[in-house]
Amino acid sequence: MANICVIGGAGYVGLTTGACFADLGNSVVCLDVNQEKIANLRRGVLPIYEPGLEEMVVRNQDAGRLRFTDDYADALADAEFAFIAVDTPSDLDGGADLLHLREAAASIARAMRRPLIIVNKSTVPVGAGDLVAGIVAQNRTVDVPFSVVSNPEFLREGTAIQDCLNPDRIILGASDRSAAERVAQLYQSLNAPILITDLHTAEMIKYASNSFLATKISFINEIAAICEKVGANVKEVSRGMGLDRRIGEAYLDAGLGWGGSCFPKDVRALEYMAAANGCHPQLLRAVMDINRDQRRRLVQRIREALGGSLDNRRVGVLGLSFKPNTDDMRDAPSLTVIRQLQNEGAIVTAFDPVAMRNAEKLLPKVKFGKTPYDVAHDADALTILTEWNEFKQLDLARVREIMARPIIVDGRNVYDPERMRTLGFTYISIGRLPVGVSSLEMATTP
Ligand SMILES: NC(=O)c1ccc[n+]([C@@H]2O[C@H](COP(=O)([O-])OP(=O)(O)OC[C@H]3O[C@@H](n4cnc5c(N)ncnc54)[C@H](O)[C@@H]3O)[C@@H](O)[C@H]2O)c1
């Protein structure tokens, strides 16, 4: 059992990390500068939706293994390990904004009173671990020893707990190997492969991994565009490819592309870091371009399906979060698509099982429905932007009946085109020939 403090402990990564370490039997203090989140967490109210997390937080709070504070001195009083999980968003140039990381490092330095291993989980450019070490060394008020270890996080929102407790690997980077080995002990019971390397390499592994996954998605989206032209079915193409163990089926679904709080900023930050170091990251640039195009092309499909203009057309949107099982709206493709639809005069209504509360603040001109059927009612077209399970089970005959025009533009390939044809829809999806319209006409549109 170890004493662990998690800085940024009310965020997605920090809260999940804190709850999981507590569940493994450690004594954990989650610290956050957001006092409202801390006050709510003390009452068992979570700032995010993540399956299973609320139960885990409450259970460990009740057992006395997990508590919340906004006071660094309190959080670090007994801590042997301080995990940093603060946000590292894009700055205006596309690089990573390290302001919160710097602030966290300075606050740790001022409050630490005993030897400490500082473990960075935030996704950061190469060199950020050295930066943290420098800030801590400069701002320490008591001369206690410390080490910095990089431990990039690979959890996915929507399956965060499962990912945290069953990781594919643990990456640890440090100049002080014994510090990395002590962190490795915290993960021992998970039986995951542990790779200990140097700080810079560990930081690079995270950016390279996320950029590779984004590349896989952009790759299949490029293949999807070709499939549409030549009359192939991208869903089956990706299945056929994915069965090859060298390729694998994960991250090979064609659709509206990637979004969320990680891929967009991490691919941009790697591209920025590469260019700043004299490299020419042409593949990363193409990966981002293809992703931007997916959103533009979806709006184009809706416009074409509605006869060339969106003005005064009623478009119903199903799904707002950047992926299912999360309420996270950060860089969700729905934001770009809906704003573009509205710019062209469309009247947009939308439904999402959990993200509407967050979406309301970002999309003030959208009317939100209580059910998918509210959104379908009288719509000239329906578009699916997030593949929530509940959309797979819709009563499509009812949807067909209540829509003004039976047009579905599916950005996530949720339905079977032949079934949609039988039900009488015009159904346009990604990387598959449209049904219920002149296929030739749709297939030849640029
Ligand atoms: N969200 C994910 O799925 C995910 C997955 C892997 C890695 N990451 C990385 O983990 C990091 C955190 O991401 P997140 O999604 O959890 O962010 P988040 O915005 O949900 O949480 C960050 C938290 O840090 C707090 N904070 C900011 N400055 C602070 C300070 N000086 N002291 C204490 N707390 C402070 C904020 O109040 C916030 O609660 C990022 O670098 C991200 O790239 C995120």
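Worth knowing before you read on, the calculation uses all heavy atoms, side chains too, and leaves out hydrogens, waters and symmetry mates. We count ligands from 1, going down the list as the structure has it; atoms in each ligand are counted the same way.
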Asks: Taking 4.0 Å as the limit for heavy-atom contacts, which would you say applies to Tyr72 with ligand 1: side chain only, backbone only, both, or neither?
Replies: side chain
Asks: Under 4.0 Å between a Lys/Arg side-chain N and an Asp/Glu carboxylate O for Arg330 and Glu157?
Replies: yes
Asks: Determine the interplanar angle of the Phe83 and Tyr187 rings, folded into 0 to 90°, and report it as parallel if under 30°, tilted if 30 to 60°, perpendicular if over 60°.
Replies: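 Perpendicular: the ring planes of Phe83 and Tyr187 meet at over 60°.
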Asks: Identify the protein heavy atom lying closest to atom 20 (O) of ligand 1, giving its residue, its atom name and the separation to 0.1 Å.
Replies: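 Of every protein heavy atom, Tyr12 N, 3.1 Å lies nearest to atom 20 (O) of ligand 1.
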Asks: If the threshold is 4.0 Å, N to carboxylate O, is there a salt bridge linking Asp331 and Arg268?
Replies: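 No, no charged N to carboxylate O under 4.0 Å.
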Asks: One thing to verify: whether Arg59 and Asp23 come together as a salt bridge, which I'm taking to mean a side-chain N less than 4.0 angstrom from a carboxylate O.
Replies: yes
Asks: Are Tyr427 and Asp410 linked by a side-chain donor-acceptor pair shorter than 3.5 Å?
Replies: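 The answer is yes; a qualifying pair exists.
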Asks: Using a strict cut-off of 4.0 Å, indicate which atoms of ligand 1 neighbour a heavy atom of Gly8.
Replies: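 Checking each atom against Gly8, I get 23 (C), 24 (O), 25 (C), 33 (C), 34 (N).
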Asks: What atoms of ligand 1 come closer than 4.0 angstrom to any heavy atom of Leu31?
Replies: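 Answer, ordered by atom number: 33 (C).
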Asks: Mark up the atoms of ligand 1 that fall under 4.0 Å of a heavy atom belonging to Asn34, in ascending order.
Replies: 37 (O)
Asks: Are the aromatic ring centres of Phe351 and Tyr373 under 6.0 angstrom apart?
Replies: no
Asks: At what distance is the nearest protein heavy atom to atom 41 (O) of ligand 1, and which residue and atom is it?
Replies: Thr88 OG1, 2.6 Å
Asks: Report yes if some N/O of Thr123 lies less than 3.5 Å from some N/O of ligand 1; otherwise report no.
Replies: yes
Asks: One pair to check against side chain to side chain contact (heavy atoms under 4.5 Å, CB included): Lys367 and Val375. What are the steps and the verdict?
Replies: CA-CA 9 Å; Lys367 190 168 168 250; Val375 163; over 6 Å; no
Asks: For Ser261, counting its heavy atoms only, list the atoms of ligand 1 lying under 4.0 Å from any of them.
Replies: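 What qualifies from ligand 1 is 1 (N).
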Asks: Below 4.0 angstrom, N of the basic side chain to O of the carboxylate: do Glu344 and Arg303 qualify?
Replies: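 Arg303 and Glu344: salt-bridged.
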Asks: Side chains of Asp74 and Thr69 only: does a donor on one sit below 3.5 Å from an acceptor on the other?
Replies: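 Yes - a donor-acceptor pair under 3.5 Å links their side chains.
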Asks: Ligand 1 and Glu153, any nitrogen or oxygen pair closer than 3.5 angstrom?
Replies: no
Asks: Assess whether a salt bridge exists between Glu271 and Arg285, defined as any Lys/Arg side-chain N lying under 4.0 Å from an Asp/Glu carboxylate O.
Replies: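 Salt bridge flag = yes for Arg285 with Glu271.
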Asks: Nearest protein heavy atom to atom 43 (O) of ligand 1, by residue and atom, and its distance?
Replies: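 For atom 43 (O) of ligand 1, the nearest protein heavy atom is Lys265 NZ, 2.6 Å.
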Asks: Phe263 and Phe322: ring-ring contact (aromatic ring centres under 6.0 Å, His included), yes or no, with the steps?
Replies: CA-CA 11 Å; Phe263 285 5; Phe322 83 93; 8.5 Å; no
Asks: Note the single closest protein heavy atom to atom 1 (N) of ligand 1, along with its residue, its atom name and the distance in Å.
Replies: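 Among all protein heavy atoms, the one nearest atom 1 (N) of ligand 1 is Glu157 OE2, 2.8 Å.
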Asks: Please list the nearest protein heavy atom to atom 27 (C) of ligand 1 with its residue and the distance rounded to 0.1 Å.
Replies: Asp87 OD1, 3.4 Å
Asks: Can a salt bridge be assigned to the pair Asp163 and Arg156 using a cut-off of 4.0 Å between side-chain N and carboxylate O?
Replies: yes
Asks: Does Arg156 come within less than 4.0 angstrom of ligand 1, counting non-hydrogen atoms of the residue?
Replies: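 False for this residue.
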Asks: If every non-hydrogen atom of Arg114 is compared with every non-hydrogen atom of Ala79, which pair is closest and at what distance?
Replies: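 For Arg114 versus Ala79, the nearest heavy atoms are NE-O, 3.5 Å.
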Asks: Quick one: which of Thr326, Asp32, Leu98 has a heavy atom closest to atom 23 (C) of ligand 1?
Replies: Asp32
Asks: Which ligand 1 atoms does Glu103 reach within 4.0 Å, using its non-hydrogen atoms?
Replies: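 Near Glu103, meaning under 4.0 Å from one of its heavy atoms, ligand 1 has 31 (N).
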Asks: Check each heavy atom of Cys262 against ligand 1 and say whether those closer than 4.0 Å belong to the side chain, the backbone, both or neither.
Replies: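 Just the side chain.
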Asks: Of all the heavy atoms in Ser107, does at least one lie under 4.0 Å from an atom in ligand 1?
Replies: no
Asks: Under 4.0 Å from a heavy atom of Ile7: which atoms of ligand 1 are those, numbered in the order shown and with their elements?
Replies: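 Atoms satisfying the 4.0 Å criterion: 32 (N), 33 (C).
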Asks: To the nearest 0.1 Å, how far is atom 5 (C) of ligand 1 from its closest protein heavy atom, and which atom is that?
Replies: Leu155 O, 3.3 Å
Asks: Starting from atom 21 (O) of ligand 1, find the nearest protein heavy-atom neighbour and note its residue, name and distance.
Replies: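 The closest one turns out to be Gly11 CA, 3.1 Å.
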Asks: At what distance is the nearest protein heavy atom to atom 13 (O) of ligand 1, and which residue and atom is it?
Replies: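 The answer is Val13 CG2, 4.1 Å.
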Asks: Examine the proximity of ligand 1 to Ala85 and report which part, side chain or backbone, both or neither, has a heavy atom under 4.0 Å away.
Replies: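 The backbone, only.
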Asks: One residue to check: Arg330. Relative to ligand 1, which of side chain, backbone, both or neither has a non-hydrogen atom less than 4.0 Å away?
Replies: side chain
Asks: Identify which one of Arg296, Arg295, Arg297 satisfies the salt bridge (charged side-chain N to carboxylate O under 4.0 Å, His left out) criterion when paired with Asp293.
Replies: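 The option that passes is Arg296.
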